[in-house]
Amino acid sequence: MHRFFIPAQWIEGNAVVIEGAQVHQLRDVLRLSAGDRIVVLDNSGVEREVELQAVERGRASGVVRGSRTAAEPRTSITLYQTLLKGSRFEFVIQKCTELGVAGFVPVLSERCVPRDAGAATERRLERWRRIIVEAAEQSKRGRLPTLSGVMSFEQACQSATGLSLLPWEEERALGLRVVVQRELAPGENPVVSLFVGPEGGFTASEVAFARGCGVVPVSLGSRVLRAETAGLVAASAVFYETGDLDPVVPD
């Protein structure tokens with residue numbers, strides 16, 4: 001069934017009204033009509049199965065036939081991803097949304113290639129939000145990951161919460177798995193912040209600053225991963241260690 005995130009005010013009791021661009025998708029792209037069923041989400045973690053009653057130009061209406069809680073990871077991961085060249089940042093937020101990451105913070109670091117990161121920021125953020133929504137609908141998320149405005153690396157380190165980890169190719173002593181197993185107690189709802197550098201990596205002075213803010217540099221193994229790969233690998237490893245990749249038992 002096709003899934004749509006919609007504003008909460010479009011749902012009143014068991015009645016649902018859909019307007020705007022999503023009606024075009026329902027009517028003209030998917031060719032849905034009265035009697036067809038979709039799933040709507042209001043970003044509360046609840047998904048509602050809706051039977052369409054009318055699909056008209058500019059407006060669709062339906063009635064809720066059932067609801068359930070959508071499965072979301074217990075572990076809340078915020079990815080502090082430095083800005084990347086071309087469409088690589090978009091790849092990161094798309095795939096990490098599918099995986100279950102709870103929030104994204106675009107970060108400016110010393111070796112970031114985009115020198116015009118401050119220009120057209122709103123346009124970029126709007127595009128990134130659309131990518132997040134589409135990825136969340138496709139992957140059956142119950143909540144949309146948050147998206148922050150662009151931060152400096154220093155601001156990001158100072159704002160991070162929970163267990164803060166920085167995958168770094170120069171780290172030789174601590175592996176991500178060891179730190180996660182040591183710091184995250186079983187049965188809790190962990191909060192984790194992941195810092196991933198740009199194509200050229202973090203500088204030694206940036207890593208030193210991060211350490212001073214309580215961020216722990218960790219190794220992801222002997223391979224050197226690309227900037228757009230490291231966050232996905234690190235988040236997957238955290239989810240594995242916390243059990244968030246285990247089968248979901250129905251209520």
*Please round to the nearest 0.5 Å and tell me the distance separating atom CG of D28 and atom CZ of R31.*
6.5 Å

*How about R143 and F5: do any of their side-chain heavy atoms sit closer than 4.5 Å?*
no

*Are V39 and W10 connected, step by step, through hydrophobic side chains (Ile, Leu, Val, Met, Phe, Trp, Tyr) whose heavy atoms are closer than 4.5 Å?*
no

*Are any of the side-chain nitrogens in R3 or E47 under 4.0 Å away from the carboxylate oxygens of its partner?*
yes

*With R127, which residues qualify under side chain to side chain donor-acceptor pair (under 3.5 Å), at least two apart?*
E90

*Measure the spacing between OG of S164 and CG of L194 and express it to the nearest 0.5 Å.*
9.0 Å

*Measure the shortest side-chain to side-chain distance between L165 and L163 over non-hydrogen atoms and say whether it is less than 4.5 angstrom.*
yes

*Does a salt bridge link D42 with R48, judged by any charged N lying under 4.0 Å from a carboxylate O?*
yes

*Report yes if the side chains of V133 and I131 come closer than 4.5 Å at any heavy-atom pair, otherwise no.*
no

*Taking the side chain from T97 and the backbone from I93, do they hold a donor-acceptor pair closer than 3.5 Å?*
yes

_Tell me every residue that passes ring-ring contact (aromatic ring centres under 6.0 Å, His included) with F104, counting only those two or more places apart in sequence or in another chain._
none

*Does a side-chain heavy-atom distance below 4.5 Å link I38 with F4?*
yes

*For residues M151 and S159, report the shortest heavy-atom separation together with the two atoms involved.*
SD-OG, 3.7 Å

*Would a hydrophobic clustering, with Ile, Leu, Val, Met, Phe, Trp and Tyr connected at side-chain separations under 4.5 Å, put I77 with F89?*
yes

*Answer with yes or no whether the hydrophobic clustering places V215 together with L174; edges join I, L, V, M, F, W, Y residues whose side-chain heavy atoms lie under 4.5 Å apart.*
no

*Might you confirm whether atom CD of E12 has over 12 heavy atoms from other residues, nucleotides or ligands at distances under 6.0 Å?*
no

*Considering all heavy atoms of both residues, which atom of A235 and which atom of L99 are nearest to each other, and what is their separation?*
CB-CD2, 3.7 Å

*Quick one: are the ring centres of W168 and F195 less than 6.0 Å apart?*
no

_Around atom CZ of R182, are there more than 12 heavy atoms from other residues, nucleotides or ligands closer than 6.0 Å?_
yes

*With side chains defined as the heavy atoms from C-beta onward, is the minimum distance between R111 and E199 less than 4.5 Å?*
no

*Using the rule that two of Ile, Leu, Val, Met, Phe, Trp, Tyr join whenever any of their side-chain heavy atoms come within less than 4.5 Å, decide whether Y80 and L232 are in one cluster.*
no

_K95 with E98: basic N within carboxylate O range, under 4.0 Å_ = yes

*Evaluate side-chain contact (heavy atoms from CB on, under 4.5 Å) for L30 paired with H2, printing each intermediate quantity in order.*
CA-CA 9 Å; L30 299 175; H2 297 285; 3.6 Å; yes

*Given E206 and S109, is the side-chain contact (heavy atoms from CB on, under 4.5 Å) satisfied, shown in steps?*
CA-CA 8 Å; E206 286 176 323; S109 67; 3.2 Å; yes

_Nearest-0.5 Å distance that lies between atom OG1 in T146 and atom CZ in R129_ = 11.0 Å

*asked:* Pair T82, V196 - check side-chain contact (heavy atoms from CB on, under 4.5 Å), show working.
replied: CA-CA 6 Å; T82 52; V196 176; 5.5 Å; no

*Restricting to pairs with a member in residues 50-60, which pass salt bridge (Lys or Arg N to Asp or Glu O under 4.0 Å), not counting sequence neighbours?*
R37-E51, E51-R65

_Using a 3.5 Å distance criterion without hydrogens, assess whether the side chain of D244 forms a donor-acceptor pair with backbone atoms of T75._
yes

Donor-acceptor contacts, no H, no angles, side chain residues 220-231, under 3.5 Å, sequence neighbours left out:
from, atom 1, to, atom 2, distance (Å)
R226, NE, E228, OE2, 2.8

*Distance, nearest 0.5 Å, that separates CD of Q25 from CD1 of I18*: 10.0 Å

_Set of residues satisfying side chain to side chain donor-acceptor pair (under 3.5 Å) with respect to N43, sequence neighbours excluded_ = none

*Does R123 offer a backbone N or O that forms a donor-acceptor pair with the side chain of E126 under 3.5 Å?*
no

*Nearest heavy-atom neighbours spanning L176 and A237*: CD2-CB, 3.7 Å

_Beyond-backbone contact of V64 with V16, side-chain heavy atoms, under 4.5 angstrom_ = yes

_Give me the atom names and distance for the closest heavy-atom approach of L83 to P106._
CD2-CB, 3.9 Å

*Is V216 reachable from V207 through a run of hydrophobic residues whose side-chain heavy atoms are each under 4.5 Å from the next?*
no

*Would you indicate whether the side-chain heavy atoms of T242 and L184 approach each other to under 4.5 Å?*
yes

_V107 to F153 - nearest heavy-atom pair and separation_ = CG1-CA, 3.6 Å

*For S236, enumerate each residue passing the side chain to side chain donor-acceptor pair (under 3.5 Å) test, keeping only those at least two apart in sequence or located in another chain.*
none

*Could you state the interatomic distance from CD1 (I6) to CD (Q22), rounded to the nearest 0.5 Å?*
7.0 Å

*Hey, could you give me the CD1/OG distance between I11 and S67, rounded to the nearest 0.5 Å?*
10.0 Å

_For Q138 and E134: C-alpha separation, side-chain torsions, deciding distance, then whether side-chain contact (heavy atoms from CB on, under 4.5 Å) applies._
CA-CA 6 Å; Q138 177 271 318; E134 291 171 4; over 6 Å; no

*Enclosure of R88 CZ (heavy-atom neighbours >12, cutoff 6.0 Å)*: yes

*Using atom types as modelled and distance alone, determine if a side-chain donor or acceptor of E241 lies under 3.5 Å from a backbone N or O of Q181.*
no

*asked:* For a 4.5 angstrom cut-off between non-hydrogen side-chain atoms, does E170 reach S219?
replied: no

_Smallest separation among heavy atoms of G142 and L41, with atom names_ = CA-CD2, 3.8 Å

